[in-house]
Amino acid sequence: MSSTEKYVAAAYLVVFVMILLYVVIIAAKLTRLDREVGELADDVRAQRQGEAAGDAAAGVADAGADG
Amino acid sequence: MKKLIAPLDNAVGLALLATLLIGVATAMTFFYAPVDEDGLNQKIFYFHVPIALTAYATFGWGAWKALVHLWKKKPGADLESYVAIHQGTIFGSLTLITGSIWAKLRWGHWWLWGEQELVLFLVIFLFYCTYFMLRYSIEAGPRRANISAVYALFGVVLIPISFLAIRLAENYIHPIAFTTNGPQMAGSQFGTFLVCLVAMFALAGALYRLELLGKRLDTKLRDLRELVLS
Amino acid sequence: MNGYFGDVVTLAVKDLRLELRARDTLPAMALFVLSTMTIFHFALPSGSSDNAALGLLWIAILFTALLGLTRTYAPEREQSMFDGLLLSPVDRSAIWLAKTVAALAFLAAVEVVALLAFWLFFAHIGWSLLAAVALADIGLCAVGALVAAMATASRSRELILPLLLLPLTIPVIVGAVGASVADDPGKYLAFLAMYDAIFGVIAWATFEYVVAE
């Protein structure tokens with residue numbers, strides 16, 4: 001490969017690598033978003049379960065008061 | 001017209017278009033456009049110049065969105081302006097690197113202060129790098145959006161002024177102006193160049209939409225968290 | 001004096017009075033420019049041309065202006081008066097204009113010292129240099145008063161002002177150095193005047209967005 005060809009190839013390489021780096025950054029971002037959405041879902045689930053347990057406990061207390 | 005543009009206004013459409021066009025452009029550069037007396041290094045020109053023009057276009061788009069923010073107070077315009085300028089710096093650094101390689105090939109030096117386009121780019125690049133320093137040293141909020149927008153507007157004014165300044169500086173830094181009047185472009189070369197230009201615009205548009213999607217998703221997730229857990 | 005320009009004069013005079021009372025900025029700028037020139041004497045090897053000295057003079061002026069501009073909003077900041085100033089029934093751009101005028105006054109005063117020292121230590125001073133100084137000062141202070149307001153909003157005030165100002169002032173330096181060293185200073189002076197006009201108008205129009213919450 002002549003040196004001119006090498007330079008041309010290097011210039012293309014730079015562009016290619018830069019755009020792939022962009023892909024890496026977007027991938028990192030997607031990974032973080034994925035994790036955060038998962039955490040949010042877990043939080044919501046925990047909250048719902050807490051509420052359900054709270055309702056159940058309240059129900060028992062009400063029954064006790066009736067009797 | 002609006003219907004025609006609509007598919008291009010989303011990340012997927014633009015990404016598809018960019019993929020297609022970059023493929024065609026690269027093929028045309030190497031298999032269709034003739035190698036002229038300038039030699040093989042002319043192949044760099046086919047994407048160096050489109051990348052540079054794309055960088056200017058994204059800076060211009062960023063300034064436009066900044067104006068929309070200041071003028072119309074449109075929500076989201078600040079974020080769009082920021083993302084456009086971010087794209088501009090990415091394409092700007094690519095311009096500097098590929099231009100440097102081109103200068104090395106053509107004149108045997110990595111950097112030529114006599115190459116006005118490169119010097120102009122350096123000035124603009126430094127200016128926009130400061131944009132990020134400024135933006136990230138101000139707390140998020142309307143004040144930051146306003147200041148970023150004003151700074152972005154200064155950028156588009158600085159571009160032509162710096163261009164003139166660098167022209168003027170040539171006269172006392174390099175008294176003998178050397179012209180780079182290359183051979184006129186043949187039709188096939190010009191066609192290739194145009195396809196490359198449109199391809200770069202599509203690529204920048206796709207990356208812009210992609211980044212914007214990510215940022216908006218971030219904001220929406222935060223909103224959602226507050227809605228659900230408050 | 002009433003109206004817009006009355007406000008500008010009142011605000012600018014207030015800054016100048018504060019400076020005359022406290023003497024915070026001017027002596028520092030004068031001392032800085034003299035020290036810089038002394039450094040330049042040692043930085044220029046013998047046989048350097050007058051042109052090199054002129055180039056360094058412009059660096060000295062630019063950095064001195066920068067030093068003064070970091071203090072542009074210091075009076076308001078130190079006494080937390082900026083909100084009060086914004087609430088007063090004054091057009092926001094009048095605040096910018098007053099700050100520009102005050103900064104110009106400081107810079108001009110220091111430049112008298114600087115140019116005397118330059119004439120004494122280094123080289124002859126021509127009329128084109130004086131014209132360039134006057135025109136460059138306007139551009140530096142007009143843009144400087146705006147970006148200094150940006151810098152006060154940021155966490156890294158003193159650090160970010162040079163970063164903001166230097167890329168914006170590259171055209172000023174080109175025009176100023178060109179006018180100082182070229183045989184035909186006319187077009188450089190015209191360029192400086194154009195810069196002042198364009199950036200002056202933009203800074204005047206956008207200042208209210210920079211300070212508004």
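Every chain is numbered from 1 and lettered A, B, ... according to where its sequence line falls, protein lines coming before strand lines.
Checked against B/Asp78 for a side chain to side chain donor-acceptor pair (under 3.5 Å), the options B/Arg144, B/Arg135, B/Lys65 give a single hit: B/Arg135. The ring-ring contact (aromatic ring centres under 6.0 Å, His included) with B/Tyr151 is formed by just one residue from the set B/Phe132, B/Tyr128, B/Phe127; it is B/Phe127. The one candidate from B/Phe121, B/Phe91, B/Phe201, B/Phe125 that meets the ring-ring contact (aromatic ring centres under 6.0 Å, His included) condition with B/Tyr56 is B/Phe121.
Each of B/Leu224, B/Leu221, B/Thr98, B/Thr26 has some count of heavy-atom pairs under 4.5 Å with chain A, and the biggest count is that of B/Leu221. Of the listed residues (B/Val228, B/Leu210, B/Leu217, B/Asp218), the one with the most heavy-atom contacts under 4.5 Å to chain A is B/Asp218.
For B/Phe30, the ring-ring contact (aromatic ring centres under 6.0 Å, His included) test picks out A/Tyr12, with sequence neighbours left out.
Neither the backbone nor the side chain of B/Thr95 has a heavy atom closer than 4.5 Å to any heavy atom of chain A. Heavy-atom distances place both the backbone and the side chain of B/Lys215 under 4.5 Å from chain A. Contact annotation for A/Tyr7: both backbone and side-chain heavy atoms come within less than 4.5 Å of a heavy atom of chain B. Using a 4.5 Å cut-off between heavy atoms, A/Glu36 contacts chain B through both its backbone and its side chain. Of the atoms belonging to B/Ile97, it is side-chain heavy atoms, and not backbone ones, that fall under 4.5 Å from chain A. Contacts between B/Leu203 and chain A at a heavy-atom distance below 4.5 Å involve the side chain alone, from C-beta outward. For B/Leu207, the parts sitting under 4.5 Å from any heavy atom of chain A are the backbone and the side chain alike. Neither the backbone nor the side chain of A/Ile25 comes within less than 4.5 Å of any heavy atom of chain B.
Using a cutoff of 4.0 Å between basic side-chain nitrogens and carboxylate oxygens, B/Lys220 and B/Asp223 are not scored as salt-bridged. Residues B/Arg222 and B/Glu226 are not paired through a salt bridge, judged by the lack of any N-O separation under 4.0 Å between the basic side chain and the carboxylate.
Listed for the B/Ser100 side chain is a donor-acceptor partner under 3.5 Å among the backbone atoms of B/Trp110.
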